[in-house]
Number of protein chains: 2
Amino acid sequence: MAHFFREKLKEKGLKVTPQRVAIYEAIVNLKNHPTAENVIEYIKLNHPNISVGTVYKVLDSLVENELLKKVKTEKDIMRYDAVLSNHHHLYCIETERIEDYEDENLNEMISNYFKNKKIKNFKVQDIKLQITGKFNK
Amino acid sequence: MAHFFREKLKEKGLKVTPQRVAIYEAIVNLKNHPTAENVIEYIKLNHPNISVGTVYKVLDSLVENELLKKVKTEKDIMRYDAVLSNHHHLYCIETERIEDYEDENLNEMISNYFKNKKIKNFKVQDIKLQITGKFNK
DNA sequence: TATCTAAAAGATAATCATTCCTATTTAAGA
DNA sequence: TCTTAAATAGGAATGATTATCTTTTAGATA
């Protein structure tokens, strides 16, 4: 995992720094699509000297270089996702929980639909589902 | 339009104030899913005495009372939508443009799909598509 | 129509996540 | 090991949003 990340950084011409590795690991370990603040808090435990500004900068540059994804939320706070494969999200209406949802059949069905049905004046590049609902206890 | 809004306010037990009407009209007139700031700027033209705090408070309460919807964006800025019917959004990757996309057939297809295919431990309540791509010039 | 009252608005201060700035440090190629 | 551009630390600045407190007002009631 860390190895994959290091390789990806190199590919993109980014330096492999302990800060970047720690921040990436934080996102992976934290699960549930952490916010920048979640990451900062988590990072502090084992890397108390990594500065807040660095976390923001690293998150931005990782998103820009496609090593992380941003997840849209109802709230105005950004959350981050280390899963890069094409997937959708389940949003819980009761809690802040967000889970990944992968479904190849669904992807295929939708992609077929838009092969026939064109949207006027718009070229589709990517389709993501926000599936809102409730997790069973 | 303004009439519909006034009735809705009454239904919800909210007072019909000039501020609320002006802010609602701003959202409708501005099209393209304005931000709070867009609204503030627009409002200033004809209602220079409506305060910034009021705009935020009104937007919040209208969303809470389902007279407006929030639109998720890549950026961490919330945008607002006066269209309440079930619809999806087209996001332009080049500009900030967001357009509504209504498609009954699509809704039906997806809803059928999830009638059969259940998601484990999750009760689906609503599904929204974020369709990313490019508008033709 | 005048009175009353809770709700709403205004004004401004406070908050707080994010960005900016600059000196210092460091990854990694020569 | 040396060099240098890139990255980080630390802290100040920003700016959107929220909170607070006072004044105003919508709308119910008499």
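In the text below, chain A, chain B and the rest are named by the order of the sequence lines, each starting its count at 1. Both backbone and side-chain heavy atoms feed into the values below; hydrogens, waters and symmetry mates do not.
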message = If I take atom CG in residue B:Asn49 and atom P in nucleotide C:dA11, what distance separates them, rounded to the nearest angstrom?
response = 8 Å
message = So, does B:Thr54 get its side chain near the phosphate of C:dA9, meaning an N or O under 4.0 Å from OP1 or OP2?
response = no
remark   = Atom CG of B:Asn65 and atom P of C:dA7 are separated, to the nearest Å, by 13 Å
key: A:Leu129 side chain reached by A:His89 side chain, heavy atoms, under 4.5 Å   = no
task = Grab the two heavy atoms, one from B:Leu106 and one from B:Tyr101, that are nearest each other, plus how far apart they are.
result = CD2-CE2, 4.0 Å
ask   = So, A:Tyr91 versus B:Asp126: side-chain donor-acceptor pair below 3.5 Å or not?
value = no
task = Measure from CG on B:Asp60 to P on D:dT17 and round the result to the nearest Å.
result = 10 Å
remark   = Of the candidates D:dT17, C:dG10, D:dA7, the side chain of B:Glu37 sits closest to D:dT17
key: Whole-Å gap separating P (C:dT18) and CD1 (A:Ile23)   = 14 Å
ask   = Hey, are the side chains of A:Ile131 and B:Phe114 touching, using non-hydrogen atoms and a 4.5 Å cut-off?
value = yes
key: Rounded distance (Å) that lies between atom P of D:dA16 and atom CG of B:Leu59   = 15 Å
Name of the residue among A:His33, A:Lys31, A:His88 meeting side-chain hydrogen bond (donor to acceptor under 3.5 Å, both in side chains) with A:Asp100 = A:His33
remark   = Going 5' to 3' through nucleotides 20-30 of chain C and flagging B where a protein heavy-atom sits under 4.0 Å of the base, S where only the sugar-phosphate is that close, and - otherwise, we get -B-----BS--
task = Let me know the distance between OH of A:Tyr56 and C1' of D:dA7, rounded to the nearest Å.
result = 19 Å
task = Might you confirm whether atom NZ of B:Lys134 has over 12 heavy atoms from other residues, nucleotides or ligands at distances under 6.0 Å?
result = no
ask   = To the nearest Å, how far apart are A:Lys12 NZ and D:dA7 P?
value = 14 Å
query = Rounded to the Å, how far apart are A:Ile40 CD1 and D:dT8 P?
reply = 14 Å
